[in-house]
Every structure is written in structure tokens, then in C-alpha cells.
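The structure under discussion appears below in the form of C-alpha cells.
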Amino acid sequence: MLDIQTLRNDIQGAAKRLESRKFSLDVAFFQGLEAERKTVQTRTQELQARRNAASKAIGMKKAKGEDASDILAEVASLGDELKENEARLDEIQGKLQAFLLSIPNFPHDSVPFGQSEADNVEVRRWGQPKHRDFEVKDHVALGEGLSMLDFETAVKISGARFSLMKGEIARLHRALGQFMLDLHTSEHGYVEVYVPYMVNAESLRGTGQLPKFEEDLFSVSNGYYLIPTAEVPVTNIVRDEILSPESLPIKYVAHTPCFRSEAGSYGRDVRGMIRQHQFDKVELVQIVHPEKSYEALDSLLGHAEEVLRRLDLPYRVVSLCSGDMGFSAAKTYDIEVWLPAQKAYREISSCSNFEAFQARRMQARYKTESGRNELVHTLNGSGLAVGRTLVAILENNQEADGSVIIPEVLRPYMGGMEKIA
RNA sequence: GGAGAGGUGGCAGAGUGGUCGAAUGUACCUGACUCGAAAUCAGGCGUAGGCGCAAGUCUACCGAGGGUUCGAAUCCCUCCCUCUCCGCCA
């Protein structure tokens with residue numbers, strides 16, 4: 001959520017900044033609503049003040065045993081107008097709030113301008129795709145060849161966009177989650193957290209999934225939603241909190257399943273494990289001092305990259321352009337891993353600085369030295385998407401005979417095994 | 001799931017229709033005393049928002065939402081949460 005003050009002060013400037021992300025701000029609507037709000041709020045508060053003063057006077061008179069019927073009659077006439085104004089003010093505030101909740105974040109000045117994925121800017125590459133003198137298989141062919149990936153059965157059990165892993169691939173998947181958690185906790189300074197996989201609507205509003213993106217979520221009974229990412233429960237740890245400045249930065253890492261309905265993505269990546277209704281992800285979250293959030297973004301990105309380096313998987317980092325960034329982000333780097341079967345780099349992590357956008361929705365603040373409450377900045381990034389990392393290992397480490405070499409760092413988690421065959 | 005108790009400021013805790021945004025204690029900040037500290041004394045000390053150049057002033061908030069009333073922390077309704085006992089359960 002943007003600060004309503006910035007809209008009040010410079011609505012045209014705001015509209016301009018949002019244009020770059022293909023959002024057109026309804027300036028006239030806002031100005032009209034604000035003008036109305038001002039009149040109605042001023043009038044309402046004036047009436048409330050009069051009523052309060054009169055009621056107080058009645059109380060004082062009654063306490064002295066005097067008759068108060070004259071004031072009583074006077075205040076009675078306020079009732080209707082006050083009620084009407086209060087109701088109108090409520091309605092206007094509600095509309096204003098809904099309007100604010102529907103506006104995406106401002107892109108940071110360093111974000112490249114562009115319309116789509118095609119305009120994202122490559123920042124760096126790491127590693128070399130291996131040269132192969134055999135026909136590379138995709139992970140589906142490899143996994144089915146090993147009888148360790150079984151999409152047909154997954155369809156029977158649940159439906160499309162679910163997967164079933166068995167044997168060493170299931171174990172490799174587990175090993176990956178363990179390895180990532182261990183790396184981030186023991187070397188990158190994150191505190192491991194275990195969080196609920198079902199959350200309430202307030203949490204989703206806090207991180208920005210609601211109210212606009214309900215169709216991407218799975219909801220269950222009792223008003224709960226399955227988490228689309230650990231970002232939601234983890235970031236909301238600080239919702240409605242006033243943190244002490246010494247407690248910053250807060251760095252959390254969580255390994256959770258993620259559930260996405262992916263409405264509107266029909267036809268994309270239908271084959272294999274790339275786009276699933278359920279997938280595992282290790283998520284990095286940082287809650288930081290507002291002046292340090294871009295430093296923090298660089299370090300968080302580095303933490304995610306380190307996973308790929310240790311696994312020896314070639315990747316590149318791209319800076320998302322204004323038109324391709326998510327709703328809540330001020331700046332986002334994607335990490336894309338090389339998938340030889342697709343002969344392309346594919347997203348495996350997304351690292352974003354949300355600045356105060358989520359913090360404002362969540363009322364997540366810290367107390368400054370001077371005792372003022374200021375919004376924190378929030379960041380998160382995948383470190384990494386476990387399913388896609390598994391896909392990358394299968395495809396990058398395959399041998400001509402369809403076996404897969406296990407990355408060295410994972411072997412301790414695999415009982416010393418070197419190869420899946 | 002059944003029965004009971006309860007949710008008030010950072011914490012503890014009073015307040016059951018009127019001058020209550022809320023006593024008191026404690027924590028914290030400032031000042032005095034002190035060479036310094038402790039103790040003591042004085043003052044300050046919640047959050048969000050409106051109007052205003054500012055000083056300031058007004059409004060809302062006592063788990064959440066509605067209602068009754070001139071007036072609600074206090075009465076009524078719905079929901080949420082916590083605790084105790086019983087049952088069930090990984």
C-alpha cells in the first residue's frame with residue numbers, strides 16, 4: 001500500500017510513476033473521493049465534539065442533581081445529522097481503503113523501464129552450460145526412465161499439475177530442502193522458522209496477495225487459505241508489531257510447500273514439474289531498517305545465488321523491468337537456472353525489496369532513536385524453489401545412459417550416493 | 001467435541017452507564033539531590049487519523065464487529081482468542 005499522503009501531495013507524480021508498470025491511476029476518482037472525505041470528516045468530527053461536550057455537561061448536571069433536559073433537547077437534534085455523516089464517512093473511508101489496496105508499489109528508480117519479460121535486463125551470468133554430445137532428455141523423460149517420477153499416478157490421485165516422486169528422486173528432493181536450510185542457517189545468518197501452511201485473509205492482505213489476486217489462491221473452509229509462498233506466514237510474523245531498532249535486521253528462513261491455483265496460466269509449462277499446484281520452496285525473508293533495504297536485497301540475492309553455485313548449476317541474474325514486476329515489489333531480481341532440455345534459462349528464484357509497501361499494510365514498525373514509530377522495509381526471495389532445482393539437477397547432471405550425477409554437496413544427505421541410476 | 005472462567009496501556013491490575021484515554025503499581029525517559037550510583041522527589045511516558053504555517057486542537061480506539069443510549073471499558077447480540085477440567089487424537 002502506498003502512503004495516502006504521497007497521493008494527496010502529488011497525485012500526478014504518483015500516476016506517472018505507476019504508468020511505467022502499466023497501471024493507470026484513476027486520478028479524478030481519488031481527488032473526488034478525497035474532497036468528499038475532507039468535508040464529511042470535518043463535519044462529522046465537529047458534530048462528535050459537540051455531542052461529547054453536551055453529554056459531558058449532562059453528566060455533570062446530573063451528578064449535582066440538577067435538571068438537564070434543556071441540553072438533552074439540544075443534543076437530540078444532532079443525532080440524525082451525526083448518524084448520517086458517520087455512515088457516509090465510513091463508506092468513503094472504505095472506498096478510499098479499497099482504492100489504496102488496489103494500487104501497486106512504485107518501482108525503484110533503478111528499475112529498468114519496459115513492458116514485458118523481454119525487457120528484463122541481464123545483470124550477470126555464472127557457470128557454463130555443459131557441452132553434451134548426446135541428445136539431452138528433459139526431466140520428465142529422465143524421471144520416468146528411472147521410474148522415479150510418475151505423473152500419471154499423480155493425475156489419478158489428484159489431477160493435473162501435481163507430481164509423484166519416488167525412491168532416490170524423492171530423497172534428492174528432500175536432500176535439497178535440507179541442504180538449503182542448512183546453508184542459510186549456518187552460513188548466512190537466518191533463523192529457521194516453521195510456520196502454518198494455512199493462513200487467514202488478513203495475512204494475505206498484509207503481503208499483498210489479497211484483495212486483488214484471490215483467484216491465484218486455494219481457499220479451504222473456515223476462511224483459511226493455503227499459502228502460495230512462505231512469504232505470507234513468515235513476513236506476517238511482524239504484522240502489528242513495533243520492533244526495537246536493535247532487533248533489526250530480522251532474517252528468517254522457512255521450508256514449506258506452496259499452493260497455487262495458477263489460474264490464467266493454462267497451457268504454459270503443462271509438461272513436468274515446472275508449474276505445479278503444489279511445490280516446495282525454501283524462502284528467505286528479511287525485515288530491515290528502511291535505509292538498509294537495498295543493501296539487504298543485494299545480500300539476499302547473493303544468498304540465493306550461493307545455493308546454485310554450491311550445486312554447480314549455471315544461472316543468470318536478471319533485473320525485472322517495470323512492466324514485469326509483481327504488484328508489491330519496488331525492485332525484483334530473478335535468478336534463472338539453465339535448463340538444457342529447454343535450451344533456456346528459467347526462473348528458479350525471485351528476490352524482491354518491497355520497501356514499506358507490505359509494512360504499511362501490516363503496520364509493521366520499529367521505534368526510532370527519537371521514539372517515533374517508523375515502518376520497516378520487508379524483503380524476500382526464494383532460496384530456492386526446490387522442485388525446479390530438482391529439475392535443474394536432473395537435466396544438467398544427466399548422463400548419456402539416463403543416469404544422474406548427484407551434486408557433491410548433496411551426497412552427505414544421500415547416504416554418500418554419487419549417482420541415481 | 002462437552003463444561004466453566006476470562007480478554008483493559010510495555011507488564012501487573014482497578015474500573016459494571018456520566019467530568020474515563022482510563023486509578024494505582026511497575027518498567028522506561030528527563031530533571032533535582034549525589035563525586036558517581038542506588039534510594040528519594042518532580043515531570044513525562046499508548047496507537048491511528050483530521051484540521052492548522054505553527055502553537056495547538058479535535059476525532060477514534062479498553063479482543064473484533066454490530067446494537068441500545070444524549071452518553072458505553074461498563075448493558076445486549078454475533079464472532080475470535082486465551083486459560084482450567086473432561087473426552088478424542090498424531
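Letters A, B, ... are given to chains in the order of the sequence lines, protein chains preceding strands, and every chain is numbered from 1. Model, not experiment: these values are computed from the prediction.
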Can a salt bridge be assigned to the pair A/E187 and A/R310 using a cut-off of 4.0 Å between side-chain N and carboxylate O?
-> yes
Measure from the ring center of A/F354 to the ring center of A/H377 and say whether it is less than 6.0 Å.
-> no
Sub-6.0 Å ring centroid separation between A/Y194 and A/H255 = no
Taking any strand in view, what nucleotide pairs with [N] in a Watson-Crick or G-U wobble way, both distances under 3.5 Å?
{"N": "B/G87", "value": "none"}
{"N": "B/U47", "value": "B/A60"}
{"N": "B/C70", "value": "B/G18"}
{"N": "B/G36", "value": "none"}
{"N": "B/A42", "value": "B/U30"}
{"N": "B/A12", "value": "B/U24"}
{"N": "B/G6", "value": "B/C81"}
{"N": "B/A55", "value": "none"}

Qualifying ring-ring contact (aromatic ring centres under 6.0 Å, His included) pairs, either residue in [range], two or more places apart:
{"range": "residues 201-221 of chain A", "result": "A/F213-A/F327, A/F218-A/H277"}
{"range": "residues 53-100 of chain A", "result": "A/F29-A/F99, A/F30-A/F99"}
{"range": "residues 401-421 of chain A", "result": "none"}

How about A/F162: does its CZ atom have over 12 heavy atoms from other parts shown lying under 6.0 Å from it?
-> yes
For [X], which residues count as a side chain to side chain donor-acceptor pair (under 3.5 Å) partner, sequence neighbours excluded?
{"X": "A/N105", "result": "none"}
{"X": "A/Y345", "result": "none"}
{"X": "A/E231", "result": "A/Q358, A/N380"}

What distance, rounded to whole Å, do you find between the two [atom1] atoms, one in [N] and one in [M]?
{"N": "B/G63", "M": "B/U82", "atom1": "C1'", "result": "10 Å"}
{"N": "B/A55", "M": "B/C61", "atom1": "P", "result": "26 Å"}
{"N": "B/A73", "M": "B/A64", "atom1": "C1'", "result": "15 Å"}
{"N": "B/U74", "M": "B/G7", "atom1": "C1'", "result": "15 Å"}
{"N": "B/G67", "M": "B/A72", "atom1": "C1'", "result": "11 Å"}
{"N": "B/C62", "M": "B/G9", "atom1": "C1'", "result": "9 Å"}
{"N": "B/C45", "M": "B/A27", "atom1": "C1'", "result": "11 Å"}
{"N": "B/G15", "M": "B/A23", "atom1": "C1'", "result": "8 Å"}

List in chain and number order the residues that pass side chain to side chain contact (heavy atoms under 4.5 Å, CB included) with A/K16, two or more places apart in sequence or in another chain; answer none if no residue qualifies.
-> none
Could you walk me through whether A/S261 and A/D216 pass the side-chain hydrogen bond (donor to acceptor under 3.5 Å, both in side chains) check?
-> CA-CA 5 Å; A/S261 84; A/D216 296 337; 5.0 Å; no
Could you tell me how the ring of A/H188 sits relative to the ring of A/Y190: parallel (under 30°), tilted (30 to 60°) or perpendicular (over 60°)?
-> perpendicular
Within [range]: residues closer than 4.0 Å to RNA chain B (heavy atoms):
{"range": "residues 42-56 of chain A", "value": "A/Q45, A/Q48, A/A49, A/R51, A/N52, A/S55, A/K56"}
{"range": "residues 1-11 of chain A", "value": "A/Q5, A/R8"}
{"range": "residues 29-38 of chain A", "value": "A/R37, A/K38"}

Could you give all pairs that pass the side chain to side chain donor-acceptor pair (under 3.5 Å) test and reach residues 235-251 of chain A, with sequence neighbours left out?
-> A/S203-A/R239, A/N236-A/R239
Is a side-chain donor-acceptor pair under 3.5 Å present for A/S352 with A/K331?
-> no
Let me know, please, whether A/K367 or A/K83 comes out on the 5' side of the other along RNA chain B by nearest nucleotide.
-> A/K367
Heavy-atom contact window of chain A on RNA chain B, given 5' to 3' at under 4.0 Å | B/G18 to B/G71
